Amino acid sequence: MENRENIAVGLDIGTTKIVAMIGRKNEYGKLEILGLGKAKSLGVARGVVNNITQTIQSIQQAVLEAEENSGYKINDVVVGIAGQHIRSIQHTDYISRSNPEEVISGKDIQLLIDQVNKLAMLPGEEIIHVLPQEFKIDGQSEIKEPIGMYGGRLEASFHVVVGQASSIRNVGRCIQSSGIELSGLTLEPLASADAVLSQEEKEAGVALIDIGGGTTDLAIFKDGIIRHTAVIPFGGNVITEDIKEGCSIIEKQAELLKVKFGSAWPGENKDNEIVSIPGLRGREPKEISLKNLSKIIHARVVEIIEQVFTEIKAYGHEDPRKKLIAGIVLTGGGAQLQHIKQLVEYITGMDTRIGYPNEHLAGNSSEDISSPLFATAVGLVMNSIENNTQSAYKLEVSQAIPQPRPIVRQVVEEKQEVFSEEVVEEKVVNKVEKEPETTEGRIRKSFFDKYVDKIKDFLDNAE
């Protein structure tokens with residue numbers, strides 16, 4: 001029956017964008033994306049909601065777009081939670097079983113998890129995740145799967161993720177006010193990890209760094225188990241901010257410069273590569289050297305990576321038993337910055353790769369969806385599928401999409417900043433466009449095509 005399909009919806013409430021993604025598993029167990037909607041995120045700073053009304057509007061816009069794209073109606077969503085209020089603690093707990101002659105079942109483990117959930121937290125904090133790591137039964141340690149074994153005392157070490165109750169409630173409030181239900185909360189770095197890491201990497205030991213707009217999330221795995229999570233309260237937005245201040249240009253232009261010409265490695269740019277930016281309202285155009293641009297970006301990226309590396313050391317990376325053999329995986333929008341992989345390898349001395357969420361996606365997925373930008377959203381959909389949810393149902397052709405929540409649409413559209421073609425006109429001196437080999441290159445290429453004619457005119461007239 002059509003209705004019993006396991007349709008899952010993930011909602012990634014980020015600092016720069018809000019993404020609603022509808023998906024289901026295909027017959028090969030891969031994730032097929034049915035619809036995607038995204039909106040500029042206006043009410044979120046550093047991963048935390050700071051303006052309820054604007055966030056609701058952005059959520060509604062993303063949800064509406066995903067529904068229109070897919071022909072499905074969304075009931076409920078799994079949401080990613082991030083922000084600087086997130087911290088994780090290690091905790092060990094045990095239960096004594098009344099009947100050691102019975103084998104240990106899921107019920108015993110649930111009992112233990114419930115016990116950890118009752119832990120006294122600091123005022124204003126609540127537990128988001130209780131993740132069992134390893135079990136001990138009657139003193140026998142290093143047991144990964146206790147179900148089916150005999151024993152009287154069941155002990156486990158837990159990775160407990162804690163967040164600020166008010167921030168979590170605000171997220172819940174935004175979703176309910178948007179006319180949908182909240183079916184689950186997942187820590188964003190865990191969602192991203194599900195989407196981009198392979199099981200082998202988790203076994204060997206790997207650090208996932210998700211560089212978002214407002215926060216940089218870290219998740220460390222070893223022996224297939226999550227060992228450490230952290231949220232660092234800055235990301236791509238501070239880089240844009242630095243460019244804006246350093247070059248005295250407006251934010252839109254700074255963002256575009258970063259995306260199109262930015263590099264994390266200043267040595268790559270020649271001194272005579274210059275981009276010309278139109279001045280505001282009749283002022284002279286500004287000329288910006290790409291070498292200076294890269295220096296500004298480099299300084300900030302180094303700072304972000306060093307903070308993350310401090311967390312990796314805090315986990316104990318230097319201990320041979322805790323060594324992360326698979327190194328680092330970079331994902332999130334910030335991973336698309338040119339030469340960031342080389343910079344991370346240089347600072348940390350660890351092998352690094354860029355993580356694309358295509359490991360679990362169906363083969364026919366569009367290129368956009370397998371961009372590192374959507375890693376968290378893909379991970380949230382996967383999480384929602386595991387819960388066996390019926391988060392959306394297909395509308396019959398005769399049913400138009402019921403719109404209980406379109407009121408906001410007009411308001412949002414006025415606020416939505418569209419990159420107008422005048423934002424950045426380029427005058428590139430001695431800059432040879434190499435053939436793009438990466439997804440990032442291809443995305444940038446399509447961006448380029450739009451402007452090519454404009455640049456040609458510009459150069460002809462500039463004689």
Side-chain angles (χ1 to χ4, degrees), residues 12-19 38-47 54 58 61-62 210-216 233-266 269 273-280 285-301 303-304 330-340 368 371-374 376 412-413 415-428 431 439-451 454-455:
D12 172 14
I13 301 181
T15 309
T16 29
K17 64 176 187 339
I18 290 184
V19 178
K38 62 177 194 291
K40 201 172 166 58
S41 175
L42 297 165
V44 182
R46 299 204 161 165
Q54 285 185 325
S58 300
Q61 197 191 346
D210 182 342
I211 307 172
T215 58
T216 298
F234 37 69
N237 285 3
V238 284
I239 302 174
T240 307
E241 200 64 30
D242 288 354
I243 298 170
K244 186 177 106 175
E245 302 292 322
C247 302
S248 308
I249 53 179
I250 60 172
E251 192 163 336
K252 246 184 324 189
Q253 294 171 333
E255 178 67 26
L256 220 57
L257 268 181
K258 175 181 82 173
V259 171
K260 294 186 67 176
F261 298 109
S263 156
W265 201 269
N269 295 110
E273 289 178 312
I274 287 172
V275 177
S276 172
I277 287 188
L280 296 174
K286 277 207 166 66
E287 297 205 332
I288 288 167
S289 126
L290 290 190
K291 200 171 192 83
N292 283 347
L293 176 69
S294 292
K295 281 180 178 163
I296 294 171
I297 294 172
H298 174 82
R300 182 59 88 173
V301 174
E303 189 187 347
I304 293 173
L330 292 172
T331 192
Q336 294 177 311
L337 192 59
Q338 269 189 320
H339 306 116
I340 189 160
D368 294 353
S371 148
L373 262 148
F374 295 120
T376 307
V412 176
E413 268 168 9
K415 285 191 174 168
Q416 197 75 359
E417 289 179 355
V418 182
F419 282 144
S420 63
E421 298 222 344
E422 295 96 64
V423 178
V424 173
E425 291 182 58
E426 293 89 36
K427 181 169 69 180
V428 182
K431 183 151 178 77
T439 314
E440 158 201 3
R442 282 197 292 271
I443 295 167
R444 195 174 286 129
K445 186 75 175 165
S446 65
F447 215 108
F448 245 25
D449 296 339
K450 290 181 202 160
Y451 291 93
K454 209 156 175 17
I455 299 166

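These figures come from a predicted structure and were not determined experimentally. The basis for the numbers below is simple: all heavy atoms, side chains too, and nothing from hydrogens, waters or symmetry mates.
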### Summary
Here the pair of heavy atoms bringing V238 nearest to G235 is CG2-O, 2.9 Å
### Task
Drop me the distance from I13's CD1 to T376's OG1, to the nearest 0.5 angstrom.
12.0 Å
### Query
Quick one: does T15's side chain have a donor or acceptor within less than 3.5 Å of a partner on G213's backbone?
no
## Note on the structure
All heavy atoms of K295 vs all of P266, minimum pair found to be CG-CB, 3.9 Å
### For A62, side-chain contact (heavy atoms from CB on, under 4.5 Å) partners two or more places apart
I18, A20, A39
### Query
Taking the side chain as C-beta and beyond, is there a heavy-atom pair between I211 and L337 under 4.5 Å?
no
### Task
First locate atom CD1 of I239, then atom CD1 of I304, and finally report the distance between them rounded to the nearest 0.5 Å.
4.5 Å
### Message
Please determine whether salt bridge (Lys or Arg N to Asp or Glu O under 4.0 Å) holds for the pair K258 and E255, giving the CA-CA distance in whole Å, both sets of side-chain angles, and the decisive distance to 0.1 Å.
### Response
CA-CA 5 Å; K258 175 181 82 173; E255 178 67 26; 3.4 Å; yes
#### Entry: CG on L293 to CD1 on I288, rounded to 0.5 Å
7.5 Å
### Query
Which residues satisfy the side-chain contact (heavy atoms from CB on, under 4.5 Å) test with E303, sequence neighbours excluded?
F234, R300
### Heavy-atom pair of closest approach, residues K244 and A254
N-CB, 3.8 Å
### Query
Is there a donor-acceptor pair under 3.5 Å between the side chain of S58 and the backbone N or O of K40?
yes
### Any residue meeting side-chain contact (heavy atoms from CB on, under 4.5 Å) with I296, in chain and number order, not counting sequence neighbours
D242, I243, C247
### Query
If you round to the nearest 0.5 Å, how far is CG of L373 from OG1 of T16?
8.0 Å
### Task
Would you give the length of the straight line joining atom NE2 of H339 to atom CD1 of I297, rounded to the nearest 0.5 angstrom?
11.5 Å
### Message
Can you tell me how far apart NZ (K291) and OG (S263) are? Round to the nearest 0.5 Å.
### Response
10.0 Å
### Task
Could you check K17 against D12 for side-chain contact (heavy atoms from CB on, under 4.5 Å), going step by step and ending with a plain yes or no?
CA-CA 8 Å; K17 64 176 187 339; D12 172 14; 4.2 Å; yes
### Message
Please determine whether side-chain contact (heavy atoms from CB on, under 4.5 Å) holds for the pair I249 and L257, giving the CA-CA distance in whole Å, both sets of side-chain angles, and the decisive distance to 0.1 Å.
### Response
CA-CA 10 Å; I249 53 179; L257 268 181; 3.6 Å; yes
